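Because the structure is predicted, anything quoted here is derived from the model rather than measured. Letters A, B, ... are given to chains in the order of the sequence lines, protein chains preceding strands, and every chain is numbered from 1.
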Amino acid sequence: MSSFFLTTAIDFVNSRPHLGTAYEKITADVIARYHRLKGDDTWFLMGNDEHSQNVFRRAQEQGKAPLAYCDEMEQVFREVWRGLDISFNDFIRTTDQKRHFPGVQTLVQACLDNGDVYEGTYEGPYCVSCEEFKPEKDLVDGLCPIHKTKPEWIKERNWFFRLSKYQRPLLAYYEEHPSFIEPEVRRNEVLRLVEDGLVDLSISRAGQSWGIPLPNDPQSVVYVWFDALTNYASAVGYGWDDEQFARRWPANLHIVGKDITRFHCVIWPALLMSAGLPLPGQVFGHGWVFFKGERMSKTMGNIVDPLDAAKRFGPDPLRLYLTKEVVYGADGDFTWERFEEKYNADLANNLGNLVNRVAAMTERYRQGRLVAGGGGSLATLAADSASAYRRAMDGLALHEGVAAAYRLISAANEYIAETQPWSLARDPAHADRLSGVLHDAAEAVRIAAVLLLPVMPSSAAEILRRMGETTAPGDLRFDTATAWRASGERGILNAGALWPRLEDKGAITVSETTPGTPSPSSASSAAPAPSAASAPSASAPAGTTPHPVAPAALEQIAIDDFMKVQLKVARILEASNVPKSKKLVQLKVDVGEAEPRTILAGIAESYQPEQLVGRTIVVVANLKPAKLMGIESNGMVLAASPEGGGALLLNAEPAVPGTRVR
RNA sequence: GCCGGAGUAGCUCAGCCGGUUAGAGCGAGCGUCUCAUAAGCGCUAGGUCGGCGGUUCGAGUCCGCCCUCCGGCACCA
């Protein structure tokens with residue numbers, strides 16, 4: 001029996017999971033369940049990333065101790081995962097002192113022992129505004145590229161990892177293991193990044209308490225990315241259970257978002273190399289699921305709560321949608337309209353109705369008992385589907401795997417139309433033929449259900465039950481379960497609609513939060529949800545989950561602090577795009593001074609220069625000048641910057657330019 | 001600007017190493033059966049395969065240039 005160890009990224013706990021996060025866990029869960037079905041000794045790890053300053057701040061805002069806050073959030077996350085039927089074997093938290101702390105400290109020590117960690121008495125340029133050391137190569141004319149200020153020459157004690165040393169070993173590794181990074185887009189990106197050269201990385205933060213102390217310098221804590229990456233190893237025993245670690249490590253697959261593939265493809269393997277540990281088999285960078293074509297974000301107010309989508313019929317329709325409709329590795333889109341459309345087509349009309357008609361005819365014509373007959377054309381098709389499915393799933397083409405299962409479902413519907421069991425039933429002479437036809441249809445449905453088991457665990461299990469499968473779903477093994485059964489007797493259960501058809505648009509739409517888009521009533525004419533037996537997880541109390549309350553207490557400043565910032569009314573006299581810049585617009589503004597000022601603003605993606613001339617805006621007048629793209633900017637315009645990008649200028653009532661704003 | 005990816009029927013996408021009338025699913029229209037959740041099945045949809053040029057007996061399929069979109073980097077006082 002081969003073993004398979006897969007992980008997902010661990011999540012920051014500063015807000016509850018949204019559909020995008022759920023997407024990652026659902027697809028990983030499909031993979032995990034598929035491997036269990038194949039009989040692999042599967043270990044599926046998930047967890048929470050808690051040693052982040054964001055998390056620390058979030059806890060403070062809510063007036064809670066960080067750890068207590070993380071405890072609460074763990075429950076929130078676990079509840080969502082439960083509601084989605086995520087079958088993780090283990091859940092690691094980075095605040096786990098028994099498992100994670102020793103893992104991290106052992107890894108630091110191993111890198112230290114190998115001479116790859118050195119103390120950063122390295123006199124480095126440190127940008128106070130960034131609160132970050134600036135690598136020499138990032139400096140522009142000796143200034144911080146972001147703040148255009150002269151970095152301070154600081155000797156703050158800091159520990160660095162010799163990432164630069166691993167450029168060649170990493171490139172060699174990618175060369176030897178072409179599938180280490182998938183899909184190819186991500187691989188290209190990472191190759192390019194590493195070829196450009198790697199800079200040593202600080203792995204410690206001094207003067208912080210929220211984190212894991214360095215073994216060699218307990219006054220400092222391990223930097224959060226080092227801390228987080230180590231979870232994959234610490235969870236399976238690294239640093240505290242050598243036997244388990246030897247058995248499970250290395251991971252076969254890290255499932256991560258495309259935004260963090262680089263951490264997993266560069267830093268993580270370099271750390272492992274340094275520590276002399278085997279490298280994971282593959283890092284897969286999945287895409288994002290957008291909502292109506294837009295990135296989900298809190299500021300956009302278009303977050304979809306995964307449990308909302310699982311509310312009416314359990315998690316399976318959502319799980320099917322996300323695996324079947326999104327090409328795995330590419331970005332996808334979720335809309336309620338599309339979700340309902342696919343629900344009706346794939347579940348109500350196709351699979352659900354198929355199960356129903358087979359069961360109903362068997363009950364009516366054969367009192368629910370079927371004896372295996374001759375076997376027909378469907379058997380070959382079932383075998384083809386199963387092997388196509390397997391090929392797709394092994395290559396992580398989840399969408400193709402599901403498509404293969406659906407080809408079998410369609411074939412079964414066609415088969416019934418061709419053979420017309422209802423006609424056969426009218427003539428007693430065709431009794432044997434009728435038995436054979438019903439059996440073959442049921443057998444095809446059974447095999448399709450086996451293929452769908454990883455995607456829709458509870459629904460597929462229910463279908464198997466109705467098709468007379470006597471083996472418990474968890475005990476089924478791919479090869480034997482997908483083999484055509486040409487002998488034996490089985491009882492078929494006719495138990496009503498699995499997925500009632502949705503007649504009204506918006507029937508399962510719930511609590512859409514997009515501003516300006518009133519959510520349609522969730523009332524509908526559709527029949528009630530299926531029985532608890534068919535979808536045990538459907539009973540998750542989705543609607544009752546307490547949402548963390550919005551922020552209240554931000555860090556407060558004194559009025560004096562605010563007065564240091566000189567805000568002034570300004571009128572835009574000229575505006576032009578900055579050559580070679582995607583975001584910058586060059587402005588000439590009247591701030592009530594003798595000469596107009598030149599100010600650069602990163603709003604080119606939101607405004608055409610023509611739209612800007614004549615506007616009255618607010619600028620920061622006493623900001624140190626900075627040079628951007630070779631042009632000096634003397635101030636800063638105020639604009640709202642939504643998380644998803646773009647900028648919205650703050651317009652002022654036309655006051656005299658130069659008027660103080662406060 | 002540099003690097004990478006993509007642009008094929010209303011929508012989501014297949015089309016490998018170039019070769020008969022460019023495909024699938026969904027949606028839509030029409031027809032049909034009646035076991036079934038007004039579901040199923042069949043037929044239809046006639047799309048300059050982003051644009052221009054080139055290689056070739058022959059190009060979505062190779063080459064060059066251009067346009068658009070997405071992502072990464074730069075940049076976002």
Side-chain angles (χ1 to χ4, degrees), chain A residues 129 138 140 144-149 183-193 195-196 258-259 261-262 285 287-288 290 293 324-327 330-333 335 337-338 341-342 344-365 399-400 403 406-407 410 412-425 434 437-438 441 494 496-503 526-527 578-585 599-606 619-629 632-639 641 645-647:
Chain A
S129 307
D138 282 0
V140 179
C144 165
I146 297 170
H147 296 88
K148 298 299 169 189
T149 51
E184 206 177 332
V185 205
R186 302 302 142 213
R187 179 181 158 82
N188 290 340
E189 237 169 65
V190 171
L191 278 176
R192 185 64 213 287
L193 183 83
E195 281 163 2
D196 276 359
K258 63 181 184 179
D259 50 332
T261 42
R262 60 184 51 200
W288 287 322
F290 295 90
K324 186 166 185 276
E325 293 310 301
V326 181
V327 176
D331 292 340
D333 197 36
T335 67
E337 294 73 21
R338 186 89 178 146
E341 204 172 279
K342 298 311 290 181
N344 271 345
D346 293 333
L347 292 174
N349 296 355
N350 261 300
L351 181 54
N353 182 52
L354 173 64
V355 170
N356 218 25
R357 65 199 302 213
V358 169
M361 284 191 283
T362 306
E363 182 178 57
R364 192 199 285 200
Y365 304 138
H399 55 292
E400 284 179 25
Y406 262 84
R407 276 199 295 280
S410 290
N413 267 323
E414 289 163 31
Y415 178 79
I416 292 171
E418 278 167 29
T419 54
Q420 303 187 15
W422 51 91
S423 302
L424 297 173
L434 175 59
V437 163
L438 289 178
N494 184 20
L498 277 163
W499 297 284
R501 194 181 151 80
L502 301 168
E503 301 301 343
V578 174
K580 294 188 178 185
S581 165
K582 202 195 284 183
K583 297 189 177 175
L584 289 178
V585 174
I599 292 182
L600 294 176
I603 55 175
E605 290 175 311
S606 304
V619 303
V620 181
N622 60 339
L623 203 64
K624 282 183 193 167
K627 217 174 191 182
L628 294 165
M629 304 295 283
E632 191 172 80
S633 177
N634 296 283
M636 170 177 150
V637 308
L638 296 189
S641 356

- Minimum-distance nucleotide to A/Asn188 side chain [options: B/G4, B/A77, B/G42]: B/G4
- Task: Please round to the nearest 0.5 Å and tell me the distance separating atom CG of A/Leu434 and atom CE of A/Met361.
- Result: 8.5 Å
- Would you mind classifying the nucleic acid contact of A/Arg186 as base, sugar-phosphate or nothing, using non-hydrogen atoms under 4.0 angstrom? sugar-phosphate
- B/A24 and B/C66: how far apart are their P atoms, nearest whole angstrom? 36 Å
- Item | Integer-rounded Å distance: B/C3 P and A/Leu193 CG | 16 Å
- Query: A/Glu414 or A/Ala330: which one's nearest nucleotide on RNA chain B is closer to the 5' end?
  - Reply: A/Ala330
- Do the charged groups of A/Lys324 and A/Asp346 touch, with an N to O distance under 4.0 Å? yes
- Roughly how far apart, to the nearest Å, are B/G5 and B/G64 at atom P? 13 Å
- Query: Does A/Asp331 have any side-chain hydrogen bond (donor to acceptor under 3.5 Å, both in side chains) partners at least two apart in sequence or in another chain, and if so, which?
  - Reply: A/Lys258
- Message: Any non-hydrogen side-chain atom of A/Asn494 less than 4.5 Å from a side-chain atom of A/Asn356?
- Response: yes
- Message: Using 0.5 Å steps for rounding, measure from the CG atom of A/Leu193 to the CZ atom of A/Arg262.
- Response: 5.0 Å
- Item | Value in whole Å for how far the C1' atom of B/G27 lies from CG of A/Asn350 | 14 Å
- Between CG of A/Asn350 and CG of A/Asn344, what distance do you get to the nearest 0.5 Å? 11.0 Å
- Any side-chain heavy atom of A/Arg187 sitting closer than 4.5 Å to one from A/Leu191? yes
- Item | C1' atoms of B/C41 and B/C33, separation to the nearest Å | 8 Å
- Query: What integer distance in Å separates A/His399:NE2 from B/A14:C1'?
  - Reply: 10 Å
- Message: Taking only the C1' atom of each, what is the distance from B/G29 to B/G46 in whole angstrom?
- Response: 14 Å
- Task: Would you check if A/Val620 and A/Leu638 make a side-chain contact, meaning some heavy-atom pair closer than 4.5 Å?
- Result: yes
- When you compare B/U61 with B/C16, how far apart are their C1' atoms, in angstrom units rounded to a whole number? 10 Å
- Message: Distance check needed: B/G5 P versus A/Lys258 NZ, whole Å only.
- Response: 15 Å
- Message: Measure CH2/A/Trp288 against P/B/C70 and give the value in whole Å, please.
- Response: 13 Å
- Message: Within the structure provided, determine whether A/Leu354 and A/Ile416 are in side-chain contact (heavy-atom separation under 4.5 Å).
- Response: yes
- Task: Using atom CD1 of A/Ile599 as one end and atom C1' of B/A77 as the other, report the distance to the nearest whole Å.
- Result: 9 Å
- Query: Is the base of B/G60 syn or anti, if syn means a glycosidic angle within 90° of 0?
  - Reply: syn
- Message: Across nucleotides 28-37 of chain B, 5' to 3', mark each nucleotide with B, S or - according to how protein heavy atoms within less than 4.0 Å reach it.
- Response: -----SSBBB
- Message: Can you check the distance between B/C13 and B/U56, where both ends of the measurement are the P atom (answer in whole Å)?
- Response: 36 Å
- Message: In whole Å, measure the gap between the C1' atoms of B/C35 and B/G40 for me.
- Response: 10 Å
- Item | Residues A/Arg192, A/Glu189: salt bridge by 4.0 Å N-O rule | no
- Message: Taking only the P atom of each, what is the distance from B/G15 to B/G7 in whole angstrom?
- Response: 10 Å
- Message: If I take atom CG in residue A/Asp333 and atom C1' in nucleotide B/C70, what distance separates them, rounded to the nearest angstrom?
- Response: 14 Å
- Item | Whole angstrom value for the distance that separates P of B/C11 from CG of A/Asp346 | 19 Å
- Base-pair map of RNA chain B as dot-bracket, where | denotes pairing with a different strand and pairs are Watson-Crick or G-U under 3.5 Å: (((((((..((((.....[...)))).(((((.......))))).....(((((..]....))))))))))))....
